[in-house]
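These notes are about the structure you will find just below.
Quick note on labels: first sequence line is chain A, next is B, and so on, each numbered from 1.
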There are 2 protein chains.
Amino acid sequence: MSERPFSRPEHFHVAARPTVAEHAAVVASLVRGTLPGGSELVPLDEALGRVTVEPVASPVDLPLFRNSHMDGFAVRAADLAAAPVTLPVAAVVAATAGEPPALAPGTAIRIMTGAPVPEGADAIVPVEQVESRAETVTFAAPVAAGVFVRERGSDLRAGDELIPAGRRLASRHLAALAAAGLGEVAVRPRAHVAILTTGSELVDVGAVPRPGEIHDANAVAAAAAVVECGGVVALRGRAQDDRAVFDQLLGDAVRVADLVITSGGISQGDFEVVRESLLPRGGWVGTIAMQPGGPQALAMIDGVPVIGFPGNPVSTQLSFEAFVAPLLREHAGLPMASRTRRRLRSSIVSPAGRQQLLRARLAGDDEVEPVSGPGSHLVAALAAADAVIVVPAETTELPAAAEVEVWGL
Amino acid sequence: MSERPFSRPEHFHVAARPTVAEHAAVVASLVRGTLPGGSELVPLDEALGRVTVEPVASPVDLPLFRNSHMDGFAVRAADLAAAPVTLPVAAVVAATAGEPPALAPGTAIRIMTGAPVPEGADAIVPVEQVESRAETVTFAAPVAAGVFVRERGSDLRAGDELIPAGRRLASRHLAALAAAGLGEVAVRPRAHVAILTTGSELVDVGAVPRPGEIHDANAVAAAAAVVECGGVVALRGRAQDDRAVFDQLLGDAVRVADLVITSGGISQGDFEVVRESLLPRGGWVGTIAMQPGGPQALAMIDGVPVIGFPGNPVSTQLSFEAFVAPLLREHAGLPMASRTRRRLRSSIVSPAGRQQLLRARLAGDDEVEPVSGPGSHLVAALAAADAVIVVPAETTELPAAAEVEVWGL
């Protein structure tokens with residue numbers, strides 16, 4: 001794993017504790033430059049929910065050809081002017097491959113919905129409105145020219161915009177692309193994200209932990225969060241606290257991913273594998289003014305950003321939400337998670353110097369209620385929350401009814 | 001394909017044209033009884049976006065054991081009462097498998113975040129707050145019992161509800177399930193839907209149509225719509241207008257699907273393969289008071305509902321939205337598409353006797369604007385719409401600013 005030149009962002013050197021905004025800006029500057037640009041051609045069957053990169057023009061007129069809106073009879077409107085009138089049925093035209101015969105004056109042609117309208121015909125009379133015998137058809141009333149004829153290009157002309165840029169493709173968009181014969185569509189490429197969890201205490205979710213062990217919730221949650229934000233999990237690995245294993249996984253990760261996320265191994269313990277791996281390569285490991293999620297790490301390894309989160313599942317999840325989710329959503333063209341202002345249902349106190357991310361529930365139309373304590377181990381409490389209250393670092397208390405920033409989960 | 005007893009719903013026999021509401025009720029009565037009930041156990045990695053069937057209780061206390069919130073020193077608070085005090089460091093406890101030694105009075109134990117708190121210890125002093133030497137540690141201030149100790153079960157007790165019933169699983173829910181060691185979760189089963197398109201004029205989307213042929217947009221759109229509504233496409237087939245092929249596909253479909261959707265083959269033409277197949281088996285083929293989407297068909301084949309839509313892509317898509325999407329969303333536990341009331345931006349006229357589904361765009365906070373004409377071939381216009389205005393069958397004109405029912409797309 002060779003080191004590419006890496007210009008350390010500003011706060012890599014400052015002694016002061018970076019603010020959440022400062023840290024977010026550094027993460028954004030690292031990640032925005034490395035996520036894949038351009039577009040990816042995907043088959044329609046894989047395009048649901050993907051986002052177009054540029055406007056898609058129709059290569060054809062829609063409808064492709066002048067066709068019948070109804071099951072009925074193709075006629076010249078002029079022939080029915082003196083209705084009632086009975087005309088011989090000269091042919092039957094089905095909706096299938098083939099050029100229909102031209103309509104001779106003074107005749108009718110039986111025609112099915114979607115079938116090409118014979119040359120010479122300028123109206124369709126529905127079968128329900130005629131009296132039809134073996135070889136003749138009787139029209140009770142005149143018909144206006146153009147009735148029940150779908151003109152070629154009446155939906156869209158070749159070259160016209162079929163789908164605009166930035167459209168998240170739903171079934172109706174795929175229908176239009178399919179109708180135009182476009183089997184593939186250019187969409188934003190997905191970010192490939194590697195997830196490396198660390199910690200000797202971690203065991204697989206299905207396993208029975210021995211005393212001192214816990215289940216590796218971060219691997220599951222981070223993978224799901226990446227998918228929620230339109231990304232793809234390129235690799236998932238667990239290094240326990242083994243530096244050689246971590247370095248090997250990190251090497252694999254930067255080869256296959258646009259972005260690497262790690263959990264654990266960056267605080268003040270004796271076995272901090274991420275810290276030990278990243279620091280010698282010019283990485284930054286420090287503490288930002290956020291709780292939970294104070295310990296953070298950043299590095300560029302082989303041109304791929306490595307974003308290190310703390311090991312507690314709540315810290316990792318809220319760090320992802322604060323720093324990575326907005327960038328992945330932006331990249332994927334997905335809507336941002338809601339960021340609103342609401343009024344507190346109850347008063348809160350908050351430690352000075354760190355932006356608090358309080359788990360909360362939305363209440364009423366414009367209120368929000370803190371739930372559970374601030375502990376970064378309260379993974380069930382986070383699952384029960386549907387929002388996060390952001391308490392600025394300098395704020396130490398807020399009365400009920402105070403307006404606060406709220407992130408929707 | 002044997003016929004099971006099939007009690008024809010009311011409007012199968014009535015001569016009058018069923019209303020949209022009547023038809024929807026019949027479809028619902030057929031489909032609700034046949035979509036799979038119960039639950040399906042899926043691995044967490046496949047559970048994102050699925051919906052829980054019943055409350056999930058945690059099988060364990062969370063945290064699993066009493067552990068340290070910080071990297072620091074485990075102490076008896078009583079030993080620090082007369083701080084400053086210096087204690088010998090008796091052991092180091094990492095976050096890994098193993099029972100820690102008990103803390104002897106008058107000693108401290110170095111401890112890492114997440115490591116089990118030694119028996120006898122009742123507080124953790126963070127490493128940043130001590131002066132630590134090789135074999136001793138000096139505490140400058142007393143500490144309260146309980147500080148930075150995460151008690152077993154302080155997040156959740158074994159048996160407590162971890163995830164409620166009916167929750168659509170996001171990453172934070174999967175994190176909680178993983179933390180509790182649950183590798184699988186019981187979710188609502190997905191509806192398996194077969195999609196059969198008919199029409200000799202249809203060719204694959206990638207193919208170049210000959211004169212008279214068009215691309216099979218319905219297959220693409222219906223498959224995507226099923227997925228949007230939480231279902232799975234169990235089978236997709238195209239029968240052209242060949243009755244034997246259709247019957248074969250239908251036989252396959254009812255073996256693998258909970259619901260079969262067909263497009264085309266049910267109007268007044270000479271080659272109506274769905275009509276010909278369903279009528280002898282007790283099916284209903286008729287016209288309802290809706291536009292687009294007037295022709296409709298229903299049958300029960302081998303206990304599986306067959307819902308027949310017209311062949312025009314717009315008719316099929318809006319029929320799906322009107323009759324099938326709400327049932328699939330309900331079954332999957334997904335939110336319903338929005339149904340609101342808005343004010344018309346411009347006046348409209350509408351034919352009597354049929355509920356119109358007008359393609360429209362939402363405008364401003366509470367307005368809606370019709371776009372394009374009513375033609376069922378306007379597939380590009382539907383793609384450009386983001387809403388449908390519902391004009392009741394008896395309404396023939398509405399002035400600007402009139403309030404109308406609007407479906408969000």
Side-chain angles (χ1 to χ4, degrees), chain A residues 44 48 62-64 71 92 94-99 112-114 116 127 150 155-156 162-163 170-176 178-179 181 183 199-201 205-206 209-215 217 220-221 224-225 227-228 267-271 311 313 317 375 377-383 409, chain B residues 44 48 62-65 71 94-99 112-114 116 127 150 155-156 162-163 170-176 178-179 181 183 199-201 205-206 209-215 217 220-221 224-225 227-228 267-271 311 313 317 375 377-383 409:
Chain A
L44 290 196
L48 183 65
L62 285 176
L64 287 170
D71 295 315
V92 177
T96 189
E99 298 277 9
M112 308 308 153
T113 305
V127 67
R150 299 166 173 164
D155 188 14
L156 203 75
L162 189 61
I163 307 289
S171 53
R172 67 190 185 280
H173 308 117
L174 299 178
S200 289
E201 73 276 29
V205 171
R210 293 173 295 178
E213 292 180 333
I214 61 172
H215 297 106
V220 172
V227 173
E228 284 172 334
S267 57
Q268 307 297 318
D270 293 347
F271 315 98
Q317 290 177 73
H377 62 299
L378 301 174
V379 64
L382 177 56
L409 289 177
Chain B
L44 290 195
L48 183 66
L62 285 176
L64 287 170
F65 50 88
D71 295 316
T96 189
E99 296 277 9
M112 308 308 154
T113 305
V127 67
R150 299 168 174 163
D155 187 14
L156 203 75
L162 188 62
I163 308 289
S171 53
R172 66 189 188 281
H173 307 117
L174 299 178
S200 290
E201 73 275 29
V205 171
R210 293 174 293 179
E213 292 180 333
I214 60 172
H215 297 105
V220 172
V227 173
E228 283 172 335
S267 58
Q268 307 297 318
D270 293 349
F271 316 99
Q317 289 177 73
H377 63 300
L378 301 174
V379 65
L382 176 57
L409 287 176

Give the member of [options] that has the highest number of heavy-atom pairs under 4.5 Å with chain A.
options	result
Ala217(B), Gly311(B), Gly206(B)	Ala217(B)
Gly199(B), Ala225(B), Gly114(B)	Ala225(B)
Leu378(B), Leu382(B), Leu174(B)	Leu378(B)

Highest number of heavy-atom pairs under 4.5 Å with chain B: which of [options]?
options	answer
Ala176(A), Ala95(A), Ala224(A)	Ala95(A)
Val205(A), Val220(A), Val92(A)	Val205(A)
His173(A), Glu99(A), Arg150(A)	Arg150(A)
Leu409(A), Leu44(A), Thr113(A), Leu62(A)	Leu409(A)
Glu201(A), Glu213(A), Arg172(A)	Arg172(A)
Ala381(A), Ala221(A), Pro211(A), Ala94(A)	Pro211(A)

(message) If I measure from the heavy atoms of chain B, does Leu156(A) come under 4.5 Å with its side chain, its backbone, both, or neither?
(response)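 Only the side chain of Leu156(A) comes within 4.5 Å of chain B.
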(request) Measure Gln317(A) against the heavy atoms of chain B and call it side chain, backbone, both or neither at under 4.5 Å. (result)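 Contact with chain B involves the side chain of Gln317(A) alone.
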(message) For Leu48(B), which atoms come within 4.5 Å of any heavy atom of chain A: side chain, backbone, both, or neither?
(response)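 For Leu48(B), the contact with chain A is made by the side chain alone.
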(request) Could you look at Pro313(B) and say if it's the side chain, the backbone, both or neither that has a heavy atom under 4.5 Å from chain A? (result)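 Neither part, no heavy atoms under 4.5 Å.
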(message) Do Pro63(B) and Ile214(A) make a side-chain contact, defined as non-hydrogen atoms from C-beta onward lying under 4.5 Å apart?
(response)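 They are not in side-chain contact.
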(message) Could you tell me if the side chain of Phe271(A) sits less than 4.5 Å from the side chain of Thr96(B), heavy atoms only?
(response)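 They are not in side-chain contact.
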If every non-hydrogen atom of [X] is compared with every non-hydrogen atom of [Y], which pair is closest and at what distance?
X	Y	result
Val379(A)	Ala179(B)	CG1-CB, 3.7 Å
Pro116(A)	Gly212(B)	CG-CA, 4.1 Å
Ala178(B)	His215(A)	O-CB, 3.1 Å

(message) Checking the side chain of Asp71(B) only, and the main-chain atoms of Ser267(A) only, is there a donor and an acceptor separated by less than 3.5 Å?
(response)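 No; zero donor-acceptor contacts below 3.5 Å.
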